[in-house]
Amino acid sequence: MILDLQARLAAAVKDLVRRDLGAELADVSFQYPPKAEMGDLALTAPFDLAKQLRRKPREIAEALAGPLGTLPGVVRAEVAGGGYVNLFLARGAFARELLASLAAAPKAPSGPRVIVEHTSINPNKAAHVGHVRNATLGDTFVRALRHRGRTVGIQNYIDDTGVQVADVVVGFRHIEGKTLEQVAAMTGRFDYDCWDLYARVGDFYAADPSRKKLQAETLHAIEAGGNDTARLAAYVAARIVDCHLATMERIGIRYELLAHESDILRLHFWERAFTLLKESGAIRLESEGKNAGCWVLSMEEGEEDDKIIVRSNGTVTYTGKDIAYQLWKLGKLDRDFRYQRHKTYDDGLVLWTSTSGEGESGAPAFGHADAVYNVIDVGQSYPQRVVKAGVAALGHADAAANSHHLAYEKVTLSPATARALGYDVSEADASVKVSGRKGLGVKADDLFDALEDKARSEIASRDPERDAASVQAAARAIATGALRYFLLKFGRTKIITFDMEEALAFTGETGPYVQNGVVRARSIFAKLAADGHGRDALLERARGLDLDALLGGEEGGEVWSLLVLMARSEEIVEQAVQAEEVAVLAKHAFAVAQAFHSYYQKPKYSVLHAESEDLRAFRTMVVDAFVRQMTVLTGLLGIPLPERM
RNA sequence: GCGCCUGUAGCUCAGUUGGACAGAGCGGCAGCCUUCUAAGCUGCGGGUCAGGGGUUCGAAUCCCUUCAGGCGCGCCA
């Protein structure tokens, strides 16, 4: 909401500068004074103008302060520091505007069409914490994009023909000697069983390197299709994907399309892309040198080596296939998948899957995006740059510019956590790498179970009488909030050294802290109702209050700083989208909750025991605004709000 | 060798396009529950922003350089 105000003020400031100083300001940026007493918005224009006008910032600030103080919505302006102009806003009007914006319905998506691809776990074993980091980042980014008006499609890419799936198939066939029927008859945690089996396959190859040829044969059979090996692989991948979907749904993460590698192969996306790349001259056939016989793509920037797209034996590299797929996402490949319904979520959202067989009618238009965000770990930066270069080389400069790699760092394990998982860790190690090959990692469901258990026991220690269903619902919400906040509070370029004890924290800068703020606020309404005060009547009464007066003074000042912080929310969401950094959202939600906790704590600001009906109405209004704002913010973070903690 | 990322309080991390005395959580110490649930609040202590140089009215932030750690650079996927 503060963005609108800033835009209005910026225009006024430009006019003023033009009229009084005869100078042009390109941008007017606002900052926030370090202390609330210093003002509500800080204008840095005098610094920007200093060079242009060859005058001291302070002098310019003094010249501007007078007229700035008379702008609409501003009650006074003060010069501060070396040349800031601090604006004091008209509190009543500002508060009314904020309240109106919080009451308004969210706007329907109308902006550019965007695809976000995230999760994309190899379908051969259970998901681990690192995968949850990917999914949480992607899911939260989607929520932020939608909030800012983008039309977003969520895709999860399934590499069902890769070497990882082949390895598990080798395990089933050659270690365990199982047929498809026997595998299908397995009960229990299939993804966990495959996790262990995958680790055993690593040992199996290591014990006799000649066994590696089983991997090659299996991979070949999977690609060829129409045989028992391929059918087993398809079964394993499909069943694991369903495990992953169930795991992610526990923390509120859903998808709209499962795009399968096998369909990209069968529908010949690559062949079409190859034709386009050759025709446009984007790739060239090398006749000599180390890459003789290969089709290569020149990397634009720097002295980088050419990237091989088609090998001298005529087969395409992984990166080549990825270029084809990216072209499809951007609507630059005149091929399409066919689609089938995979499942319907309980709220009616349909998850579609790609297919190369018969398609079903009713599928929305997938692909054809104006912008694409691929959420993939930072290790894939180079291939992602190649994909982008490939799109650009085809002459799609805009599409290439709109191809984003949302790169994030890995999750490693703290020595303590690795030891708890039964691994020997030397004293010197600061962290331990997760390894699917070794079966070393914290499984997502195990972590979530641990969080739920902890939440249940915390609840039980506070309220032993509470009924089981209510405990379960709250425990689930708290576990989700704790996990999502934990994974979101770090910047995405930061390696997270995962420590079980730290992840299980429910106090301090955590999801439960944020949730608890809202729960406490809501409990005020319940108490009010029990005491015979209607919330709606109080809110109605608040409409008639003199907010300028109430927002002055000691309590008013505290409320005012809470309102200003809340008003920054839209700006923060936009920042998260622009900087592709959702951690700022998490930090902001925490800051708002913190400001509220501090205010709420003081008995003298009690809503229930307010000195007058007007004060009660005023405080009710504040609490209501906080709940509304936090509902938006926690919704963006995917942090559910339990009825009670 | 080239490229990217990271280095800020004892620990884990924030720090917007350069801006006002460098912030939070945890841990430590001292307090606050017949008071809207204490998963909370208040106070105290804690920093040569890895080192050095430069640009600027102003640098944790930009440039150069050194050091330390991580990742990437394959006719693997």
Side-chain angles (χ1 to χ4, degrees), chain A residues 27 29 31-35 38 42 44 47 50-51 56-58 80-84 86 122 159 161-164 166 219 261 290-294 296 301-305 307-313 315 317-319 321-322 377-383 385 407 409-410 412 430-431 455 458-459 462-463 478 482 489-491 493-497 499 502 505-513 515-517 519-528 530-531 571-572 575 578-579 581 583-584 586-587 590-591 594 597-598 600-610 619 623 644-645:
Chain A
D27 290 305
S29 64
Q31 293 183 349
Y32 298 88
K35 285 183 181 169
M38 298 171 76
T44 55
F47 294 108
K51 256 191 200 126
K56 290 183 179 160
R58 179 101 195 174
Y84 291 97
N86 289 337
N122 278 315
D159 184 3
T161 59
V163 68
Q164 283 86 354
L219 204 47
E261 167 81 10
K290 59 175 180 168
N291 294 338
C294 299
V296 302
E301 315 144 35
E303 316 282 304
E304 269 182 283
D305 283 351
K307 175 69 188 171
I308 292 166
I309 303 297
V310 179
R311 305 181 189 103
S312 54
N313 67 5
T315 56
T317 60
Y318 177 85
T319 310
K321 282 186 277 190
D322 232 23
D377 79 83
V378 70
Q380 297 297 315
S381 295
Y382 174 66
R385 266 199 0 257
E409 268 290 2
K410 299 185 199 319
T412 62
S431 70
E458 292 284 333
I459 293 166
R462 288 169 175 76
D463 184 5
I478 291 165
K489 73 173 174 178
F490 301 95
T493 57
K494 220 81 169 189
I495 295 172
I496 296 179
T497 304
D499 184 78
E502 199 187 332
F506 288 168
T507 61
E509 196 200 333
T510 65
Y513 176 96
Q515 292 169 315
N516 191 35
V519 168
R520 293 175 100 183
R522 280 180 176 165
S523 77
I524 293 172
F525 296 137
K527 286 277 181 182
L528 280 173
D531 233 32
E571 182 187 0
I572 302 285
Q575 190 189 333
Q578 291 304 325
E581 179 57 271
V584 297
K587 296 280 175 187
F590 176 74
Q594 202 175 30
H597 269 304
S598 168
Y600 163 94
Q601 190 74 21
K602 299 184 176 71
K604 60 180 174 179
Y605 299 151
S606 170
V607 182
L608 201 57
H609 308 294
R619 290 173 188 161
V623 174
R644 284 190 290 155
M645 291 299 281

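Per chain, numbering begins at 1; letters A, B, ... match sequence-line order.
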Sugar-phosphate only, base, or nothing, as touched by A:Gly82 at under 4.0 Å among non-hydrogen atoms: nothing
C1' atoms of B:rC49 and B:rG3, separation to the nearest Å: 26 Å
Looking at B:rA38, which nucleotide sits across from it as a Watson-Crick or G-U wobble partner, both distances under 3.5 angstrom, or is there none? none
Whole-Å gap separating P (B:rA38) and CD (A:Glu458): 15 Å
Could you check how far CD of A:Gln601 sits from P of B:rC33, rounded to whole Å? 11 Å
With a 3.5 angstrom cut-off on both distances, give the Watson-Crick or G-U wobble partner of B:rA68, or none if there isn't one. B:rU6
Indicate, with a heavy-atom threshold strictly under 4.0 Å, whether A:Ile309 touches base, sugar-phosphate, or nothing. nothing
Using only heavy-atom distances, decide whether a donor-acceptor pair under 3.5 angstrom links the side-chain of A:Gln578 to the base of B:rU16. no
Using atom C1' in both nucleotides, what's the gap between B:rC2 and B:rA77 to the nearest angstrom? 24 Å
Look at the side-chain N and O atoms of A:Arg462 and state whether any lies under 4.0 Å from the OP1 or OP2 oxygen of B:rA39. yes
Looking for any heavy atom pair under 4.0 Å, which part of the strands does A:Val310 touch: base, sugar-phosphate only, or nothing? nothing
Kindly give the atom pairs (protein nitrogen or oxygen, nucleotide nitrogen or oxygen) under 3.5 Å for nucleotides 11-15 of chain B.
{"residue": "B:rU12", "atom": "O2'", "partner": "A:Glu502", "partner atom": "OE2", "Å": "3.4"}
{"residue": "B:rC13", "atom": "OP1", "partner": "A:Ile495", "partner atom": "O", "Å": "3.4"}
{"residue": "B:rA14", "atom": "OP1", "partner": "A:Gly491", "partner atom": "N", "Å": "2.8"}
{"residue": "B:rA14", "atom": "OP2", "partner": "A:Lys494", "partner atom": "NZ", "Å": "2.7"}

Measure distances between side-chain N and O atoms of A:Ser523 and base N and O atoms of B:rC36, and say whether any donor-acceptor pair falls under 3.5 Å. no
Respond yes when some side-chain nitrogen or oxygen of A:Arg311 is under 4.0 Å from OP1 or OP2 of B:rC76, and no when none is. yes
Just to be sure I understand the rule, does A:Val378 reach a base, reach only the sugar-phosphate, or reach nothing, if contact means heavy atoms closer than 4.0 Å? nothing
For A:Asp27 and A:Ser29, does a side-chain donor sit closer than 3.5 Å to a side-chain acceptor? no
C1' spacing across the pair B:rA14 / B:rG47, given as an integer number of angstrom: 15 Å
Does A:Phe590 reach a base, just sugar-phosphate, or nothing at all? Heavy atoms under 4.0 Å. sugar-phosphate
Have a look at A:Ser606 and say if it touches a base, only the backbone sugar-phosphate, or nothing, with a 4.0 Å heavy-atom cut-off. base
How would you label the contact of A:Lys290 with the nucleic acid (heavy atoms, under 4.0 Å): base, sugar-phosphate, or nothing? base
Not counting sequence neighbours, which residues clear salt bridge (charged side-chain N to carboxylate O under 4.0 Å, His left out) with A:Asp159? List them please. none
Earlier contact from the 5' end, RNA chain B, for A:Ala42 and A:Glu409: A:Glu409
With a 4.0 Å cut-off on heavy atoms, is A:Ile478 in touch with a base, just the backbone sugar-phosphate, or nothing at all? base
Would you call B:rC33 syn or anti, using the 90° rule around 0? syn
Between A:Gln594 and B:rC41, is there a side-chain N or O to OP1/OP2 distance below 4.0 Å? no
Using the C1' atom as the point on both nucleotides, what is the distance between B:rC63 and B:rC71, in whole Å? 25 Å
In whole Å, what is the span from the OH atom of A:Tyr600 to the P atom of B:rU42? 14 Å
Pick the C1' atom in B:rA50 and in B:rC44, then give their distance to the nearest Å. 29 Å
Suppose we define a pair by two distances each less than 3.5 Å, Watson-Crick or G-U wobble; what does B:rC76 pair with here? none
With a 4.0 Å cut-off on heavy atoms, is A:Ala292 in touch with a base, just the backbone sugar-phosphate, or nothing at all? base
Separation of the C1' atoms in B:rU35 and B:rC41, to the nearest angstrom: 13 Å
When all nucleic acid strands are considered with a 4.0 Å heavy-atom cut-off, which category describes A:Asn122: base, sugar-phosphate, or nothing? nothing
Rounding to the closest angstrom, what is the interatomic distance between B:rG1 and B:rG28 at atom C1'? 48 Å
Mind calculating the distance between OH (A:Tyr513) and P (B:rU37) to the nearest angstrom? 16 Å
Classify A:Ser381 by what it touches in the nucleic acid, base, sugar-phosphate, or nothing, heavy-atom distance under 4.0 Å. nothing
Just name whichever nucleotide pairs with B:rU61, Watson-Crick or G-U, keeping both distances under 3.5 Å, else none. none
With RNA chain B as reference, determine whether A:Tyr318 or A:Ile524 sits nearer its 5' end, using the nearest nucleotide of each. A:Ile524
Is A:Thr317 close enough to B:rC76 that one of its side-chain N or O atoms is under 4.0 Å from OP1 or OP2 there? no
Under 4.0 Å, heavy atoms only, any strand: does A:Pro57 hit a base, just the sugar-phosphate, or nothing? nothing
Hey, is the side chain of A:Asp322 pairing donor to acceptor with the base of B:rA77 inside 3.5 Å? no
NA contact type, A:Tyr32, heavy-atom cut-off 4.0 Å: base, sugar-phosphate, or nothing? nothing
I'd like a list of close polar pairs between nucleotides 44-46 of chain B and the protein, N/O only, cut-off under 3.5 Å.
none

Partner nucleotide of B:rA24 by Watson-Crick or wobble geometry (both distances under 3.5 Å): B:rU12
